[in-house]
Amino acid sequence: MKTLVVYRSHYGSTRRYAQWLAQALDADAAEERQADARLVQNYECVIFGGGLYAGSIAGAARMAKLYGALQGKRLAMFTVGLSDPSDPENVKKIMQDAARAFTPEMLENICFFHLRGGMDYRNMRPVHKAMMAMLKKMLLKKPESERSTEEKGLLAAYDRPVDFTDRAALAPLIAWCRDEA
Ligand SMILES: Cc1cc2nc3c(=O)[nH]c(=O)nc-3n(C[C@H](O)[C@H](O)[C@H](O)COP(=O)(O)O)c2cc1C
């Protein structure tokens with residue numbers, strides 16, 4: 001099945017997953033800004049990938065906008081965040097974000113996968129640094145015992161860069177693409 005992987009990545013984690021995926025599937029990869037209705041019409045399967053950014057999924061808005069042109073294709077989206085997707089609470093939160101970006105019909109037709117990225121506070125854009133500084137201030141006000149694992153992970157990532165990208169984590173998505181899932 002001819003497959004296109006579209007990604008939007010600020011710091012490289014989603015790009016890395018998109019490139020691994022394209023290699024594994026012998027698929028094409030394109031940055032989100034290159035993905036338009038003309039490009040996607042050449043593919044039977046289209047996968048979008050995007051990082052999680054404080055309640056929004058990068059690339060989700062573009063996928064929703066292109067949805068008309070994606071009709072009849074196999075569709076998937078993978079998210080890349082710092083939070084651990086093996087915790088069902090984190091996935092629940094991501095899917096709440098997805099429900100703001102997609103209609104219920106879209107949510108039914110898109111298969112979602114969740115992957116772990118990384119964070120390097122030192123190399124962040126000023127706007128993201130400011131967002132993270134605000135978040136840190138808020139989290140430090142919370143008693144430690146009340147912080148979720150996601151919140152603890154965010155705080156830990158301030159002190160040293162973390163990178164949880166893992167090629168093997170793509171296995172379920174690759175299996176889905178090959179129709180083995
Ligand atoms: C401003 C900001 C907000 C973020 N918000 C979240 C979040 O809500 N949930 C999460 O799991 N990760 C969050 N992250 C971590 C990113 O999702 C993570 O760094 C991911 O690897 C980014 O992928 P990218 O480099 O491909 O854009 C945030 C990072 C930044 C800089």
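Start at 1 and go down the list; that is how both ligands and their atoms are numbered. This is a predicted model, so every value here is computed, not measured.
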Quiz item: What pairs meet the side chain to side chain donor-acceptor pair (under 3.5 Å) rule with one or both residues in residues 59-70, with sequence neighbours excluded?
Solution: Tyr67-Glu105, Tyr67-Asn109

Exercise. Using the side chain to side chain contact (heavy atoms under 4.5 Å, CB included) rule, take Arg116 and Asp84 through it: C-alpha gap first, then chi angles, then the decisive distance, then the call.
Key: CA-CA 6 Å; Arg116 233 177 155 190; Asp84 184 353; 3.8 Å; yes

Quiz item: Is Arg15 salt-bridged to Glu31, going by a charged N under 4.0 Å from an acidic O?
Solution: no

When you check ligand 1 against the protein, what N or O pairs turn up below 3.5 Å? List the atom names and distances, or just say none.
residue  : atom   : partner : partner atom : Å
ligand 1 : 5 (N)  : Ala54   : N            : 2.9
ligand 1 : 8 (O)  : Ala54   : N            : 3.3
ligand 1 : 11 (O) : Leu82   : N            : 3.1
ligand 1 : 11 (O) : Ser83   : N            : 2.9
ligand 1 : 11 (O) : Ser83   : OG           : 2.9
ligand 1 : 12 (N) : Leu82   : N            : 3.1
ligand 1 : 14 (N) : Leu52   : O            : 3.3
ligand 1 : 17 (O) : Leu52   : N            : 3.4
ligand 1 : 17 (O) : Leu52   : O            : 2.7
ligand 1 : 17 (O) : Val80   : O            : 3.3
ligand 1 : 19 (O) : Gly118  : O            : 2.4
ligand 1 : 21 (O) : Ser13   : OG           : 3.0
ligand 1 : 21 (O) : Gly118  : N            : 3.1
ligand 1 : 21 (O) : Gly118  : O            : 3.2
ligand 1 : 25 (O) : Tyr11   : N            : 2.9
ligand 1 : 25 (O) : Gly12   : N            : 3.1
ligand 1 : 25 (O) : Ser13   : N            : 3.3
ligand 1 : 26 (O) : Ser9    : OG           : 2.6
ligand 1 : 26 (O) : Ser13   : N            : 3.4
ligand 1 : 26 (O) : Thr14   : N            : 2.8
ligand 1 : 26 (O) : Thr14   : OG1          : 2.6
ligand 1 : 27 (O) : His10   : N            : 2.8
ligand 1 : 27 (O) : Tyr53   : OH           : 2.6

Quiz prompt | Spatial distance of atom CZ (Arg74) from atom SG (Cys111) [nearest 0.5 Å] | solution = 7.5 Å

Practice problem: Could you list who else is in Leu135's hydrophobic cluster, with ILVMFWY side chains joined at under 4.5 Å, directly or through other members? | Solution: Tyr11, Tyr53, Leu82, Met119, Tyr121, Met124, Met132, Met138, Leu139, Leu140, Leu154, Leu155, Tyr158, Val162, Phe164

Practice problem: Please list, chain by chain and in numerical order, all residues satisfying ring pair (Phe, Tyr, Trp, His ring centres under 6.0 Å) with Tyr7, sequence neighbours excluded. | Solution: none

